[in-house]
Amino acid sequence: MSELKRERWGSQWAFVLVAGGAAAGLGNIWKFPYVAAENGGGAFVLVYLVCILAVGLPVLMAEFVLGRVANKNNLDGIRDIVKASDAAPAWVGIGWMGMAALLVVLSIYSVVGGWALAYFFGALSDLIFPNVNSVSEPGASFAQLTSNPMKSLGWYTLFMVSTIAIVAGGVSKGIQRVSLVLMPMLLLLLAILIVFGAVTTDKMQEALSFLLFPDFHKLSAAAVLEALGHAFFTLSVGVGAMIAFGSYLPARVNLMKASLAVVGLDTLVALLASLAIFPVMLANGIASDTGPGLVFVTLPIAFQQMPWGQVLGILFFLLLSCAALTSSPSMLEPIANSLQEKTTLGRKKGTVLAGGVIWVIGVLQLLSLSGEGIASIAGQPLFELSGYLVSNLMLPAGALLIALFVGWAVPHSLLKSKRGIENPVSFRLWVTCLRYVAPFGILLILLSGL
Ligand code: PHE
């Protein structure tokens, strides 16, 4: 396989922060806490950890290995590996399916990322100009934001432009540079929010035991599937984002250690986010089955009633914005890099073109939320349909194909040709998970989603 001159991550730690930052996003801070709360806390967390280790981690490692062996953009890289493996040509579809999924995922992700920015700047301006434009009722203001596309459009565009700017900056001067600032900031913000919750409420102990002590009565089959599905989303696997990140791995990085660290960081952020949110929920009588509205509707109401709540709100939405902005570039990078290498556009123009196309799709997503039947299919808003399609179909199907391709079709000699999984026991375990465990788990999600 040809060795292209390619940008590289600076070090093993830089890679862990960048890939961990890509993994830890809205999924960890917006989704994980409400799903864990809904499903009884500890028992769900335990099942989730098993899913992450048995299914998520092996597929994540498969993506990193594919990227490292390919050493070029996802589309050409997978084509090369298919050829070198003498595998059926249809496997190249993995790259193309990933691109299609990324277009959809990033368009909805940026809409929610825009809301995070809107709340952050809204809370900030409330603090600076307390009497102007104050958000009297957060629930109502969320409804206004979502149902009025013009209100969301600016914030959505700001989020998208920031993502484009980061990716256009390049691998080390754009994505890595931003993640190395935002990730430590994200961890600091989490720590501040946790200390704050511990000091201002007396609920930290209750929150800890809710999160850590399993109550299996509350665990349903649906919760297990939810944990399995979320394991893919939170680790960003199934769409090729991590293949692209793997293709920039410097030779000295130990893949096994780095993958474990990425998974550890992602899980840590999800658990810390829950510890930041649960005490506030418990202290303010927020029900554990609040659902997706927890972060944008219920928490802001709680913040309004708490001492220092305004500051808390600002810090929380800054946290959410940082988390989203370290993940969104990983969705744009594979498309931008493919355009960069397959056309004469260059990185900057390729990124702007890819981002522009996704921006248009996102505008349709926004319009579909207006409640007026625009951009809806059979009465269902595009936004809802896309969310369903992504988590129930595209991500699991992509992950299934990657697990089967690496597990069965790529010869072991090729997987070991670059620094792959070196320990022979780990290698066997990894291949077994890819061949049997992951496909079985993923088929369950796919069947249940139908
Ligand atoms: N893992 C990200 C999150 O938890 C979402 C994501 C999915 C990012 C797929 C890239 C690709 O928010």
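Whatever order the structure lists them in is the order used to number ligands and atoms, beginning at 1. What you see is a predicted model; the values in this text were computed from it and never measured.
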List every atom of ligand 1 that sits less than 4.0 Å from any heavy atom of [X], numbering the atoms from 1 in the order shown and giving each element.
{"X": "M331", "result": "6 (C), 8 (C), 10 (C)"}
{"X": "S330", "result": "10 (C)"}
{"X": "T234", "result": "1 (N), 4 (O)"}
{"X": "A22", "result": "1 (N), 2 (C)"}

Review point. Is the distance between the ring centroids of W115 and F142 less than 6.0 Å?
Key: yes
Check your understanding: Quick check, are the ring centers of F210 and F278 under 6.0 angstrom apart?
Key -> yes
Which residue and atom name correspond to the protein heavy atom nearest [atom], and how close is it?
{"atom": "atom 7 (C) of ligand 1", "value": "F233 O, 3.6 Å"}
{"atom": "atom 12 (O) of ligand 1", "value": "Y109 OH, 2.7 Å"}
{"atom": "atom 9 (C) of ligand 1", "value": "S236 CA, 3.7 Å"}
{"atom": "atom 2 (C) of ligand 1", "value": "A23 O, 3.4 Å"}

Review point. Can you find a non-hydrogen atom of G238 under 4.0 Å from ligand 1?
Key: no
Hey, what's the ring geometry for [X] with [Y], parallel, tilted or perpendicular (30° and 60° as the breaks)?
{"X": "F317", "Y": "F303", "result": "perpendicular"}
{"X": "Y48", "Y": "F44", "result": "parallel"}
{"X": "F15", "Y": "W9", "result": "tilted"}

Check your understanding: Given that the side chain starts at C-beta and the backbone is N, CA, C, O, which of these parts of V239 lies under 4.0 Å from ligand 1, counting heavy atoms, or is it both or neither?
Key -> side chain
Exercise for review: For ligand 1, indicate whether the residue A24 contacts it via side chain, backbone, both or neither (heavy-atom separation under 4.0 Å).
Suggested key: neither
Review point. Going from CD1 on I194 to CG on L208, what distance comes out if it is rounded to the nearest 0.5 angstrom?
Key: 9.0 Å
Check your understanding: For the atom pair CD (Q365) and CZ (F383), what is the distance rounded to the nearest 0.5 Å?
Key -> 7.0 Å
Review point. Applying the ring pair (Phe, Tyr, Trp, His ring centres under 6.0 Å) test to Y119, which of W155, F296, W30, F316 qualifies?
Key: F296
